[in-house]
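The structure appears right after this line, and notes come after that.
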Amino acid sequence: QVQLVESGGGLVQAGDSLRLSCTTSGRAASTLPMAWFREAPGKEREFVSYINWSGSAAYYADSVKGRFTISKDNTKDTVYLQMDSLRPEDTAVYYCAARPRGGYATSDTEYEYWGQGTQVAVWS
């Protein structure tokens with residue numbers, strides 16, 4: 001069974017940065033394509049970013065492109081989401097997800113394993 005644990009959320013001012021971490025257990029991160037999603041109050045969960053099993057390919061939602069960077073340290077079984085130039089509209093609970101089978105996907109239904117989420121709040 002794969003378990004994902006996120007950390008790194010917090011309350012920050014617009015323009016600040018945060019780095020989220022997601023550590024896997026039960027299966028090595030080096031074998032897992034992984035993604036970050038977020039869910040804002042009153043809205044559906046939305047795709048943020050994806051990274052493939054090796055960390056050689058990454059994709060982003062248009063809303064975060066150029067501001068967020070996803071990366072992977074397979075030696076630590078950890079995926080990161082570096083979030084720069086944060087905006088109030090980035091406020092959400094951020095979830096890490098993994099899909100053992102398949103490649104790039106933006107639908108949350110394609111992901112089998114989920115973390116518990118970490119809250120990010122950005123004030124202006």
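Quick note: numbers below take in every heavy atom, side chains included, and nothing from hydrogens, waters or symmetry partners.
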Exercise for the section: Tell me, please, whether Tyr113 has Arg99 positioned over its six-membered ring: NZ or CZ under 6.0 Å from the ring centre and within 45 degrees of its axis? Expected result: no
Problem - SB check Asp84 Arg67 (cutoff 4.0 Å) - result: no
Exercise for the section: Rounded to the nearest 0.5 Å, what's the gap from NZ on Lys65 to OH on Tyr59? Could you check? Expected result: 11.0 Å
Practice task
Please check if the side chain of Asp77 supplies one atom and the backbone of Ala28 the other of a donor-acceptor pair under 3.5 Å.
Solution key: no
Problem - Output field: ring centroids Tyr50/Tyr60 closer than 6.0 Å - result: no
Handout entry: Side-chain heavy-atom pair Gln82, Ile70 within 4.5 angstrom cut-off
Key = no
Exercise for the section: Step through it carefully: locate the ring centre of Trp36, locate the ring centre of Phe47, and say whether they are under 6.0 Å apart. Expected result: no
Problem - Side-chain donor/acceptor of Thr78 to backbone N/O of Lys76, under 3.5 Å - result: yes
Exercise for the section: Using modelled atom types only, decide if a donor and an acceptor are shared between the side chain of Thr118 and the backbone of Tyr94 within a distance under 3.5 Å. Expected result: no
Handout entry: Reported CG-to-OG1 distance for the pair Asn74 and Thr24, which is rounded to 0.5 angstrom
Key = 8.5 Å
Problem - Transitive ILVMFWY side-chain link Val48 to Leu18, under 4.5 Å - result: yes
Problem - More than 12 heavy atoms from other groups under 6.0 Å of CD on Gln13 - result: yes
Exercise for the section: Examine distances only and state if a side-chain atom of Glu39 and a backbone atom of Val93 form a donor-acceptor pair shorter than 3.5 Å. Expected result: no
